[in-house]
Each structure stands twice: as C-alpha cells, then as structure tokens.
Amino acid sequence: MHKTALASLILFSPFFATPAFAQTAQVLNGYWQYDEYLNANPEQKKLTESLSKVVRQKPSALKVKQTSPITISVVYPGQQISDYWVRNIKAFEARMDELNIRYEINQVFTRPNLDARQQSLSLLEAVQNNSDYLVFTLDTTRHRKFIEHVLSSTDTKLILQNITTPVRAWSEQQPFMYVGFDHMLGTRELEQYYKHHLDQGSKYSVLYFSEGYVSDARGDTFIEDMTHHDSYDLVSSYYTKATRESGYSAAISALQKNPDLDFIYACSTDVALGAADALAELDRSDIVINGWGGGTAELEALEQGLLDVTVMRMNDDTGVAMAEAIKWDLESRPVPTVYSGDFEVVTSKDSNEKIERLKQRAFRYSDQ
C-alpha cells in the first residue's frame, strides 16, 4: 500500500464506541490464549522459558559488533495515572545500555482512547523513517488495521506491548514479539481472591477500560468465570473512557442503580482509583474494590485503605524482555513470539515488608 493511502487509513479510521454490555460467550475469539499457544507450539514454549530465565538473570553483553545504531520507535498510551508504560520504557533503556546495544529511540506517549490523530501521526512517522523496531500496542480495531499494513508492507519489526495472545489470523506472519503481562492470567488471580473472600450470590458491577481488547481480556474473562461458571450476580457493567473521572462517574451510576453492591471489579488503575474516589465520597467502605497492575498509585491506595486488592505486575520484566529479545535478534538467535511477566496478589492487609520486597523486584530498573 502507498504511504499516502496508509496515512489516510490511520488518520481517519474512527474509534468505535458502544454501550457497555459484555459479550461473554466468546471471550477473545480470534486469539490464541497464552498457555494454549505455548502448549500448541513446543518450540515456542522452550524459547519463552529460556527468555524468562534470562530476564531474571544479570545481563550479558551483546556478542556481535554493530556497524551502526539500531533505530527504535515507541508509541505508547502512557499519559495515564498508571505508571506501567513509563516504567516499562525506563527498564527497557536501562537494560539496553547494560547489554551494550547501540540504539536511537524516538518515543511518544499519548492518552488511551483519546489522542487518535497524534498516535496515528507518530505511527506513520515511524513507518516512513524505516525504524528497525516499532513498539506499539493492540487494543482497538484501528490499531489492528495499522498493524496488518506494517506486517505486510514494511521491514520494521513490530513488538506489541501489553498483549500476550497471538492473533490467529496472522499465523503466516506474526509480529516480531508479543510482550506484556497476560490479562487473563492476572484476571484469574483476582477471581481467586474474590471467590475466597466473598460468598456466591454476591452482587457486583464491572467497570471496563475503554472498549477494546483490554476490556475483553480483563472484563469479559472475569464475568465468564464469576457469573457463568459460579453464581456471582453481575448487576451492571460500564465502559469508561479509561480515565479516573470516568471511573468515578461509572461507580456513581452503578451505586445509584444498585446501592446493595458487594464489590466492584475495575479493569485498570485509573478506573479503579476513580471508583475508589466515589466510594470514599459516599462512605461505602463496605464495598470491596480491586486495582489492576499494582503500580505506585495503586500501592499507595492500598496502604490508605482505598483499594482492597490488586494483582501486581513485576513491572520491569517486560522492558527487560524486549531488550533481551532485540539482543537475541542482533545475534541471529530465534526470538519467542510471546512473553508474559510474573504477577503477585497484594492486599491492603499485607505487611509493609512484603510490599517493599515486591517493589524492589518489580521496579528494579525503573526506580533507579
């Protein structure tokens, strides 16, 4: 496709926005689940396991000589309270430096579900500049259309962040790598907490992220297991704008509709903190609420008793994994198609010692 046509496609394809009711019958239809993909591809499973070991180890410098720096473009939805994206890139650059890889990086942080034009222009620039690697994400239909054109018409190697479930339709030409913390694995950690602490029949509301992949993976997966496999009572669900303000508004609406809620399941940090604002304002500390990701803002909210539980990503693992994958690629070694970092469940009742220990592991690069 000509670049002018590609520009037209990505600049003017609109985001989709629909009312918030979950379609839970076919969660993530069209994607391989993380474990499913690895079990179906034993050679990939070995590569992923090898990368996981390297991520936890001290770095070993690049073994080949570079004739020139590699070029990397990063387009992230990093303008949010969650510090995942900012920490990820800090860890990535720190590990790249330790590996003695020469590189030039151009990074753009946008707002999720809002800065469509800025994001599109940044992506187009990355393609036109023939970047060696492009680090992006896949959450919406518009993202997917852009990715498919990059896969089919450029030599740029795509690293898709915050997604670990390969697209089945891309079996002949997958991106260079999917890397993140598997949303379904993390969701199931939270499911176990709720099932252990709240009785079946408890009423709950789901506050989604903006409409797209993340909401499907974190929200619909939760509903599928809690409501369809166990008898927890979903009484409302709301898509948000992925902001604290929209999380607040959605929680207010949920409580106006059903004042006798037992818990609220939130699909992201910003949404969770907004809902926590609403619960504090209404003095509803009886309602259990979770975070998702366990970044700095969530850990502070847990300490203050504003959140009850979160699933904490060992945040810097994914930045390290991207750097190590690029090193393997430069050394002409095979790179795994998927990688997911580790999770730990953290609650408001956990000791400061436990949380500090997890922070030292999760933020070992990004806190430097």
Side-chain angles (χ1 to χ4, degrees), residues 10 31-32 34 37-38 44 47-48 50-52 54-55 59 62 69-78 84-97 99 101-110 112 119 122-127 129-140 143-167 170 173-183 213-214 313 315-341 365-366:
I10 64 178
Y31 296 87
W32 287 94
Y34 182 71
Y37 179 80
L38 293 179
Q44 285 292 326
L47 287 171
T48 297
S50 295
L51 183 61
S52 296
V54 169
V55 166
L62 180 68
I70 58 171
T71 55
I72 304 165
S73 293
V74 178
V75 183
Y76 272 176
Y84 171 74
W85 300 96
V86 175
R87 286 186 177 278
N88 171 266
I89 208 68
K90 284 184 69 175
F92 171 66
E93 292 190 79
R95 188 71 164 206
M96 290 284 280
D97 292 341
L99 295 173
I101 297 174
R102 294 165 57 207
Y103 66 97
E104 296 172 353
I105 190 166
N106 178 46
Q107 58 189 36
V108 176
F109 286 144
T110 62
Q119 191 178 68
S122 300
L123 292 168
L124 183 62
E125 183 181 359
V127 171
N129 290 342
N130 296 315
S131 299
D132 294 311
Y133 300 89
L134 169 59
V135 191
F136 186 44
T137 191
L138 169 57
D139 188 41
T140 68
H143 292 166
R144 179 163 175 161
K145 288 179 179 178
F146 173 78
I147 290 165
E148 287 172 347
H149 285 291
V150 173
L151 290 175
S152 63
S153 60
T154 78
D155 293 326
T156 297
K157 295 181 179 179
L158 265 174
I159 298 174
L160 292 184
Q161 246 290 356
N162 205 32
I163 175 171
T164 59
T165 51
V167 175
W170 297 345
Q173 192 175 29
Q174 290 289 356
F176 175 70
M177 190 183 193
Y178 299 83
V179 59
F181 294 85
D182 187 75
H183 302 291
Y213 172 86
V214 171
R313 298 173 285 215
N315 198 101
D316 293 358
D317 284 1
T318 51
V320 173
M322 292 193 306
E324 292 288 349
I326 288 174
K327 176 196 165 190
W328 286 13
D329 190 42
L330 294 174
E331 293 175 343
S332 299
R333 298 167 58 188
V335 174
T337 301
V338 295
Y339 168 85
S340 177
Y365 282 100
S366 58

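Just so you know, these numbers use all the heavy atoms, side chains as well, and skip hydrogens, waters and symmetry mates. Keep in mind it's a predicted model, so treat the numbers as computed, not measured.
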Next item on the list: Specify the closest pair of heavy atoms between G180 and Q161, including all atoms of both residues, with the distance to one decimal.
Entry: CA-OE1, 4.2 Å

Next item on the list: Return the minimal non-hydrogen interatomic distance between T156 and Y133, and the atom names on each side.
Entry: CG2-C, 4.0 Å

Notebook entry, point to check: Measuring from F181:CZ to T318:OG1, what's the distance to the nearest 0.5 Å?
Noted result: 4.5 Å

Next item on the list: Any chance you could lay out the side chain to side chain contact (heavy atoms under 4.5 Å, CB included) test for L151 and F176, step after step, and finish with the verdict?
Entry: CA-CA 9 Å; L151 290 175; F176 175 70; over 6 Å; no

Next item on the list: Return the set of residues passing salt bridge (charged side-chain N to carboxylate O under 4.0 Å, His left out) with D316 (not counting sequence neighbours), or none when no residue passes.
Entry: none

Please tabulate, for side-chain N and O atoms in residues 332-341, each donor-acceptor pair with protein atoms closer than 3.5 Å (sequence neighbours left out).
from	atom 1	to	atom 2	distance (Å)
R333	NH1	E331	OE1	3.3
T337	OG1	Q44	OE1	3.2
T337	OG1	Q44	NE2	3.4
S340	OG	D182	N	2.9

Note to self: Keeping S73 on the side-chain end and L134 on the backbone end, is there a donor-acceptor pair under 3.5 Å?
What the structure shows: no

Next item on the list: For the residue pair Y365 and D317, confirm or rule out a side-chain donor-acceptor distance under 3.5 Å.
Entry: no

Check: Is a side-chain N or O of T71 found less than 3.5 angstrom from the main chain of D132, in a donor-acceptor match?
Finding: yes

Check: Distance from L158 atom CG to I147 atom CD1, nearest 0.5 Å?
Finding: 6.0 Å

Checklist line | Stepwise side chain to side chain contact (heavy atoms under 4.5 Å, CB included) test for M96 and I70 | finding: CA-CA 11 Å; M96 290 284 280; I70 58 171; 4.0 Å; yes

Notebook entry, point to check: Is the closest side-chain heavy-atom distance between I72 and I326 below 4.5 Å?
Noted result: yes

Notebook entry, point to check: Taking all non-hydrogen atoms of both residues, which atom of R313 and which atom of Y84 are closest, and how far apart?
Noted result: NH2-CB, 3.4 Å

Next item on the list: Among residues two or more places apart or on two chains, list those pairs meeting salt bridge (Lys or Arg N to Asp or Glu O under 4.0 Å) that have a residue in residues 319-329.
Entry: R95-E324, K157-D329

Checklist line | Considering all heavy atoms, the nearest Q174-V167 contact | finding: NE2-O, 2.9 Å

Notebook entry, point to check: Taking atom CZ of F136 and atom CG of N162, what is their separation to the nearest 0.5 Å?
Noted result: 12.0 Å

Notebook entry, point to check: When rounded to the nearest 0.5 angstrom, what distance separates CG in L330 from CZ in R102?
Noted result: 11.0 Å

Checklist line | Nearest-0.5 Å distance that lies between atom OG in S366 and atom CG in N88 | finding: 9.0 Å

Notebook entry, point to check: For L51 and M177, which heavy atoms make the closest approach, and how far apart are they?
Noted result: CD2-CE, 3.3 Å

Check: Who are the ring-ring contact (aromatic ring centres under 6.0 Å, His included) partners of Y34, not counting sequence neighbours?
Finding: none

Check: What is the minimum heavy-atom distance between W170 and P175, and which atoms define it?
Finding: CE3-CD, 3.8 Å

Next item on the list: Apply ring-ring contact (aromatic ring centres under 6.0 Å, His included) to W32 and list each qualifying residue two or more places apart in sequence or on a separate chain.
Entry: Y37

Check: How long is the span from the OG1 atom in T164 to the OH atom in Y178, to the nearest 0.5 Å?
Finding: 10.0 Å

Note to self: Determine whether the aromatic ring centres of residues Y213 and Y31 are separated by less than 6.0 angstrom.
What the structure shows: yes

Note to self: Run the salt bridge (charged side-chain N to carboxylate O under 4.0 Å, His left out) test against E148 and tell me which residues pass, sequence neighbours left out.
What the structure shows: R144

